[in-house]
Amino acid sequence: MDLCDISEIRALLARHGFHFSKSLGQNFLIESWVPRDIAAASGAGAGTGVLEIGPGIGPLTVELSRLAGKVAAVELDRDLLPILGETLSECPNVTVIPGDVMKLDLRALVAEQFPGLTPMVCANLPYNITTPVLTRLLDSGLFSAVTVMIQREVAQRICAVPGSKDYGAFSLYCQYKAAAELLFEVPRECFLPAPKVTSAVVRLTPRPAPECVHDEALFFQAVRGAFNQRRKTLLNALSSAFPLSKEELAACISAAGLPADVRGERLGIPEFAALARELGQRL
Ligand code: SAM
């Protein structure tokens, strides 16, 4: 069966009495090049175990099963389980795990499902939980690569450089944890139902924490402080985030080698690291 053929999909869903759920971010792929290209970009190979989040009716799952040693696909919507039983019947290396990716014990899942394999993630994510899912995946430190389709706007934020309009605390968080690449865009017409926005595929390749950061908690406190009030100068934004006087904060900014009137949106990881070191000395 062609899992991207719209008439076959409609017939399959009707036979199972399935109705799309907006709250579960259900937009299914209907163009076969999309799951093929996402799977190819994921780095899946015989030595890898791929965690897929939200297989839907399984178009990406089938492509991943052709490439990977093992695929574990976590699906929250129980109504999709009988459908997946049918569409994945010829994929012996796929296990469907009913559940919520935000609640599963990812470490236990990886240990059980992927012994001897390199774990990675590949998914067309439910867009309403993009940020918390990516945070959970990157924080886990379990995966060698995370390749996901998300809203283009979020993809641009993740990959944004300092000083650009899309740059913010989430760009810094992702780039602290991983090398981020925006691979390609996917138009709305490739989905059923069509979402309101264009999508894009990003690949995050986790890496060790940057050596310039000595105190991760303080680093992210400075990042959050700067971006909570991004229209303000760094000095004014930090004064709401740290129990230091304006004079002390100005001294930190200057000792970090930054201009007195700089805004946080201009700073990259090395600059926030230098700032956090100075703040740490005065706190
Ligand atoms: N992979 C399919 C495709 O590309 O056609 C479906 C992708 S659809 C954008 C997102 C999928 O994630 C849906 O199947 C939805 O039921 C599932 N989902 C939503 N929230 C979830 C969660 N918290 N945990 C696991 N799956 C979830």
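Counting convention: from 1, in listed order, for ligands and their atoms alike. Note: hydrogens, waters and symmetry copies are ignored here, and every other heavy atom, side chains too, is used.
Atoms of ligand 1 found under 4.0 Å from any heavy atom of Val74 (numbered from 1 in listed order, with element): 25 (C), 26 (N). The contact set between ligand 1 and Gln26, taken as ligand atoms under 4.0 Å from a residue heavy atom, comprises 13 (C), 15 (C), 16 (O). Using a 4.0 Å cut-off to heavy atoms of Asp100, the atoms of ligand 1 that qualify are 22 (C), 23 (N), 24 (N). Using a 4.0 Å cut-off to heavy atoms of Glu52, the atoms of ligand 1 that qualify are 1 (N). For ligand 1, the atoms sitting less than 4.0 Å from at least one non-hydrogen atom of Asn27 are 7 (C), 8 (S), 9 (C), numbered in the order shown with element in parentheses. Proximity to Gly56 (heavy-atom distance under 4.0 Å) selects the following atoms of ligand 1: 2 (C), 6 (C), 14 (O).
In this pair, Phe219 and Phe272 present their aromatic rings perpendicular. The plane angle is above 60°, beyond the 30 to 60° band. Between Phe227 and Tyr167, the two ring planes are perpendicular [angle over 60°; tilted spans 30° to 60°]. Between Phe20 and Phe18, the ring planes are perpendicular. Angles over 60° get that label, and only those under 30° would be called parallel.
Counting protein heavy atoms only, atom 18 (N) of ligand 1 is closest to Pro126 CG, 3.8 Å. The single protein non-hydrogen atom nearest to atom 8 (S) of ligand 1 is Gly25 O, 3.4 Å, given as residue, atom name and distance. In this structure, the protein non-hydrogen atom closest to atom 16 (O) of ligand 1 is Glu75 OE2, 2.6 Å. Given atom 6 (C) of ligand 1, the protein heavy atom at minimum distance is Gly54 O, 3.4 Å. The protein atom (non-hydrogen) at minimum distance from atom 26 (N) of ligand 1 is Leu76 N, 3.4 Å. Closest protein heavy atom to atom 24 (N) of ligand 1: Val101 N, 3.1 Å. Summary of contacts: the protein heavy atom closest to atom 3 (C) of ligand 1 is Asn124 ND2, 3.5 Å. Nearest to atom 2 (C) of ligand 1 among the protein's heavy atoms is Pro55 O, 3.2 Å.
No hydrogens or angles considered: nothing links the side chains of Ser21 and Gln26 as a donor-acceptor pair under 3.5 Å. When only modelled atom types and interatomic distance are considered, Asp5 and Ser7 share a side-chain donor-acceptor pair under 3.5 Å. With no hydrogens or angles considered, no side-chain donor-acceptor pair links Lys22 and Asn128 at under 3.5 Å. With no hydrogens or angles considered, a side-chain donor-acceptor pair links Lys70 and Thr95 at under 3.5 Å. Side-chain contact of Ser199 with Glu185: a donor-acceptor pair under 3.5 Å is absent, judged by distance alone.
Contacts between Leu80 and ligand 1 below 4.0 angstrom, taking non-hydrogen atoms only, involve the side chain exclusively.
Side-chain N or O atoms of Arg188 include one that pairs as donor or acceptor with a backbone N or O of Pro195 at under 3.5 Å. A donor-acceptor pair under 3.5 Å is formed between the side chain of Glu248 and the backbone N or O of Ser245.
Taking distance alone, with nitrogen or oxygen atoms compared against 3.5 Å, Asp77 stays at or beyond that limit from ligand 1.
Lys177 and Asp139 are joined by a salt bridge, as a carboxylate oxygen and a charged side-chain nitrogen come within less than 4.0 angstrom of each other. Contact check on Glu247 versus Arg282 returns no salt bridge, with no Lys/Arg side-chain nitrogen under 4.0 Å from an Asp/Glu carboxylate oxygen.
Residue Lys103 places every heavy atom at 4.0 Å or more from ligand 1. Residue contact check for ligand 1: Gly99 places a non-hydrogen atom closer than 4.0 Å to it. Put simply, no part of Met102 is less than 4.0 Å from ligand 1, judged by heavy atoms. Note on ligand 1: Leu125 sits in its first shell, one or more heavy atoms being nearer than 4.0 Å. For Leu60, the heavy-atom gap to ligand 1 stays at 4.0 angstrom or more.
For the side-chain contact (heavy atoms from CB on, under 4.5 Å) with Leu3, the qualifying choice from Ile57, Leu29, Ile30, Ile9 is Ile57, the only one to do so.
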